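Working notes for the structure below.
Quantities reported herein were computed from a predicted structural model and do not represent experimental measurements.
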Amino acid sequence: MKYFTKQWYKNCQKGTGIHFGKNKRALEELENQNQKAINDYCKYYKEIEPYLPDCINSIFKDNKMHDCKIVNSGFVGKDFFMEIDSRNSCCSLKRLTFVNAEILTRDFDFSDACWLYDEILLRKNKYEIQMLFWSKRHELGEVEIVFESIIAKQ
């Protein structure tokens, strides 16, 4: 991931639950760095948004998947699905299917993992999603999937 990396997320968490005392400047600097990553990704997304199909924009614009829980996942033929518990998120999806998918990176088991952030990339004739999760073992994990299209079920 380019914007929402594991290190970026860890830095975001430094400002929560920790008393910076007299070091208010350090907290402000940390908040500025975190906001810069968000602003940079939003700028990037606006540049690629016209080239993305509506199905991708409707799902991933404005980080709607944040706090979704992955309850099941796997391949059916060449399609990769994720069954989702979206009660704690800003979406109402129950299942995402990445059509003609290939998993490039998966550094943990994301069953019962919480979806934190995602980044969409354009590839020649395909799309790539990079996702950051918080696992049930209290670890950060990344998943990268290349796919041709996406099917969302509510």
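- For the pair T105 (side chain) and E144 (backbone), a donor-acceptor distance under 3.5 Å is absent.
- Follow the hydrophobic side-chain contacts under 4.5 Å out from L121 and you never reach V146; the two are in separate clusters.
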Does the pair Y127 and L122 meet the rule for a side chain to side chain contact (heavy atoms under 4.5 Å, CB included), with working shown?
-> CA-CA 5 Å; Y127 308 96; L122 293 173; 3.8 Å; yes
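- Rounding to the nearest 0.5 angstrom, the gap separating the NZ atom in K69 from the CZ atom in R87 is 7.5 Å.
- Taking CD of Q33 as the reference point, atom CD of Q35 lies at 12.0 Å (rounded to 0.5 Å).
- In this structure, OG1 in T5 is found 8.5 Å from CD in E119, a value given to the nearest 0.5 Å.
- Remark: E102 pairs with L104 by the side-chain contact (heavy atoms from CB on, under 4.5 Å) rule, at least two apart or across chains.
- Residues Y41 and D118 have side chains that never bring a donor and an acceptor to within less than 3.5 angstrom of each other.
- Each of M65, K94, M131 was evaluated against M82; a single residue qualifies, M131, per the side chain to side chain contact (heavy atoms under 4.5 Å, CB included) test.
- Atom CG of N72 and atom CG of D112 lie 9.5 Å apart (nearest 0.5 Å).
- The closest donor-acceptor contact from the side chain of D107 to the backbone of E142 lies under 3.5 Å.
- For the pair F81 and F75, the tightest heavy-atom approach, listed with the atom from each and the gap, is CE2-N, 4.2 Å.
- C91 contributes atom SG, which lies 8.5 Å from atom CH2 of W115 (distance to the nearest 0.5 angstrom).
- A side chain to side chain contact (heavy atoms under 4.5 Å, CB included) with F4 is found for exactly one of I38, N34, L116, namely I38.
- E49 places no side-chain N or O within 3.5 Å of a backbone atom of N57 that could act as its donor or acceptor partner.
- Legend: residues meeting side-chain contact (heavy atoms from CB on, under 4.5 Å) with E47, ordered by chain and number and at least two apart, are K43.
- The local environment of CG in D54 is sparse, with at most 12 non-hydrogen atoms from other residues, nucleotides or ligands closer than 6.0 Å.
- Considering F60, W8, Y3 as possible partners of Y117, the one that fulfils the ring pair (Phe, Tyr, Trp, His ring centres under 6.0 Å) test is W8.
- Tracing side-chain contacts under 4.5 Å through hydrophobic residues (I, L, V, M, F, W, Y), one reaches W134 starting from L132; they form part of the same cluster.
- The nearest pair of heavy atoms linking A152 to I59 is CB-CD1, 3.6 Å.
- The backbone N or O of I120 sits nowhere less than 3.5 Å from a side-chain atom of Y45 that would complete a donor-acceptor pair.
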